[in-house]
Amino acid sequence: MNEKFVVRDVENLSLKQIADSGQSFRWKELPDGSFIVTAMGEVVHLVETGDDLIINGINENSFYEKWYNYFDFNRDYKKVKKNLKERDKYLDAAIEYGSGIRILNQELWEIIITFIISSNNNIPRIKNSIELLSRKYGKYIKSVNGEDYYSFPEPKALSEAKLEDLRACGLGYRDKYILKTSRMITDGTIDLETLKVMPLKNAKKELKKLVGVGNKVADCILLFACEKPEAFPVDTWVKKVLEKYYDFHEKKPESINVFVKEHFGAYSGIAQQYLFYYIRHTEHLE
DNA sequence: GTCCAGGCTCTTT
DNA sequence: AAAGAGCATGGA
């Protein structure tokens with residue numbers, strides 16, 4: 001961890017809140033409140049000091065090539081918040097509460113597998129499965145404080161895995177989904193590079209061809225890996241928010257889409273992230 | 001023991 | 001098109 005890059009005067013960023021917002025499962029908190037993050041084949045140690053973000057483990061080149069976009073520094077969150085503010089009181093409170101949340105731009109392939117694992121699952125278990133998968137099928141990157149860190153497995157590695165070995169990673173019945181989806185990607189049935197440049201509706205339709213990817217998972221993939229800030233994932237928590245605070249009870253995905261677009265606008269996906277974080281930390285005893 | 005977790009697939013109306 | 005059963009697993 002000799003190399004480091006310091007980002008000065010960072011606004012609208014809280015490592016703790018991002019780590020706890022359920023979009024990445026490879027952030028590890030250390031006792032001193034700093035974080036070890038594995039992504040894009042690299043391992044970084046993140047430290048907040050005052051208004052600065054210190055990224056240990058990379059050089060300037062890697063920051064501008066990879067991590068700048070990972071942290072969504074292209075986006076003006078002041079502008080986003082201004083756009084979302086005063087639409088309703090609950091959202092205002094959520095934005096105030098999770099003011100340091102950002103949407104991380106993560107790798108498409110990794111997010112596909114990650115959110116297939118997330119379905120009908122809980123966060124500690126999702127983290128554990130991804131850790132086991134990476135250790136078994138990924139590549140060793142480096143050791144920090146005596147802990148070994150591994151990259152997320154390549155599509156080829158998972159497509160050649162044995163079902164029973166996948167099952168041993170705690171995937172449950174999702175082992176088949178992972179295997180089938182991996183094969184659809186390695187055999188070219190679905191092309192990831194094309195997906196990234198498709199309009200939201202087309203991309204969503206394409207994503208849902210993958211086994212284990214339905215409406216909610218597809219929206220997560222679009223929001224967290226395809227730079228689609230209007231994608232609005234509806235999970236059990238967001239469903240609760242819509243019912244309890246927006247008096248919205250319809251179940252059809254299309255009617256939800258209409259309501260969400262009308263009410264939250266072009267940044268509905270980012271609004272969703274504030275709402276998710278807010279309800280999980282105010283109505284969930286951890 | 002039951003219920004739930006960032007739901008999906010498959011089958012039946 | 002819409003609704004229901006079944007699904008692995010671990011923690012509360």
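Each chain gets a letter, A, B and so on, in the order the sequences are listed, and its residues count up from 1.
- Rounded to an integer number of Å, the gap from A:Ile221 CD1 to B:dG7 P is 13 Å.
- Aromatic rings from A:Phe25 and A:Phe115 are positioned such that their centres are separated by under 6.0 Å.
- Nucleic acid contact class of A:Thr181 (heavy atoms, under 4.0 Å, all strands): none.
- Follow the hydrophobic side-chain contacts under 4.5 Å out from A:Val10 and you never reach A:Ile54; the two are in separate clusters.
- Residue contacts for A:Gln273: at a heavy-atom cut-off of 4.0 Å it reaches a base atom on one of the strands shown.
- If you check every strand for non-hydrogen atoms under 4.0 Å, A:Val234 touches nothing.
- Rounded to whole Å, atom P of B:dG7 lies 14 Å from atom CZ of A:Phe232.
- Between the side chains of A:Asn69 and A:Tyr64, no donor N or O sits under 3.5 Å from an acceptor N or O.
- Map A:Lys209 and A:Asn122 each onto its nearest nucleotide of DNA chain B; the residue landing nearer the 5' end is A:Asn122.
- Taking atom NZ on A:Lys208 and atom P on B:dG7, their separation rounds to 16 Å, with Å as the unit.
- Between A:Ser118 and the phosphate of B:dG7, there is no side-chain N or O to OP1/OP2 separation shorter than 4.0 Å.
- As a whole-Å value, the separation of A:Ile256 CD1 from B:dG7 C1' is 13 Å.
- Separating the P atom of C:dA5 from that of B:dC3 is a span of 14 Å, rounded to the nearest Å.
- A close approach under 4.0 Å does not occur between any side-chain nitrogen or oxygen of A:Lys239 and OP1 or OP2 of B:dG7.
- Mapping A:Ser119 and A:Lys180 onto DNA chain B by nearest heavy atom places A:Ser119 at the nucleotide closer to the 5' end.
- As judged by a 4.0 angstrom heavy-atom cut-off over every strand, A:Arg174 is placed among the base-contacting residues.
- For A:Asn120, whose side chain is taken as the heavy atoms from C-beta onward, the closest listed nucleotide among C:dA8, C:dA2, B:dC8 is C:dA8.
- No contact: A:Gly170 has no heavy atom under 4.0 Å from any strand.
- Hydrophobic cluster membership differs between A:Tyr137 and A:Tyr150, with clusters built from Ile, Leu, Val, Met, Phe, Trp and Tyr side chains linked at under 4.5 angstrom.
- A:Asn121 places its CG atom 15 Å from the P atom of C:dA12, with the value rounded to the nearest Å.
- Evaluation of atom-type donor-acceptor distances gives a pair under 3.5 Å for the side chain of A:Tyr173 against the base of B:dG7.
- Taking only side-chain atoms of A:Val217, from C-beta outward, the nucleotide of B:dG7, C:dA8, B:dA5 with the closest atom is B:dG7.
- In this structure, CG of A:Asp175 is placed 14 Å from C1' of B:dC8, rounded to the nearest angstrom.
- Between the NZ atom of A:Lys127 and the C1' atom of C:dG11 there is a distance of 15 Å, given to the nearest Å.
- One P atom belongs to C:dA8, the other to B:dT11, and the distance between them is 15 Å to the nearest Å.
- For A:Tyr90 and A:Tyr278, the gap between ring centers is short of 6.0 Å.
- The shortest distance between the side-chain N/O atoms of A:Lys252 and the OP1/OP2 oxygens of C:dA2 is below 4.0 Å.
- Whole-Å rounding puts the A:Ile126 CD1 to C:dG10 C1' distance at 12 Å.
- Checking C:dT9, B:dC8, C:dC7 against the side-chain heavy atoms of A:Arg125 singles out C:dT9 as nearest.
- Residue-level contact check: A:Leu223 touches neither bases nor backbone, having no heavy atom under 4.0 Å from any strand.
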Item to check | Trace of the salt bridge (Lys or Arg N to Asp or Glu O under 4.0 Å) decision for A:Glu283 with A:Arg280 | outcome: CA-CA 6 Å; A:Glu283 297 188 22; A:Arg280 273 212 83 219; over 6 Å; no
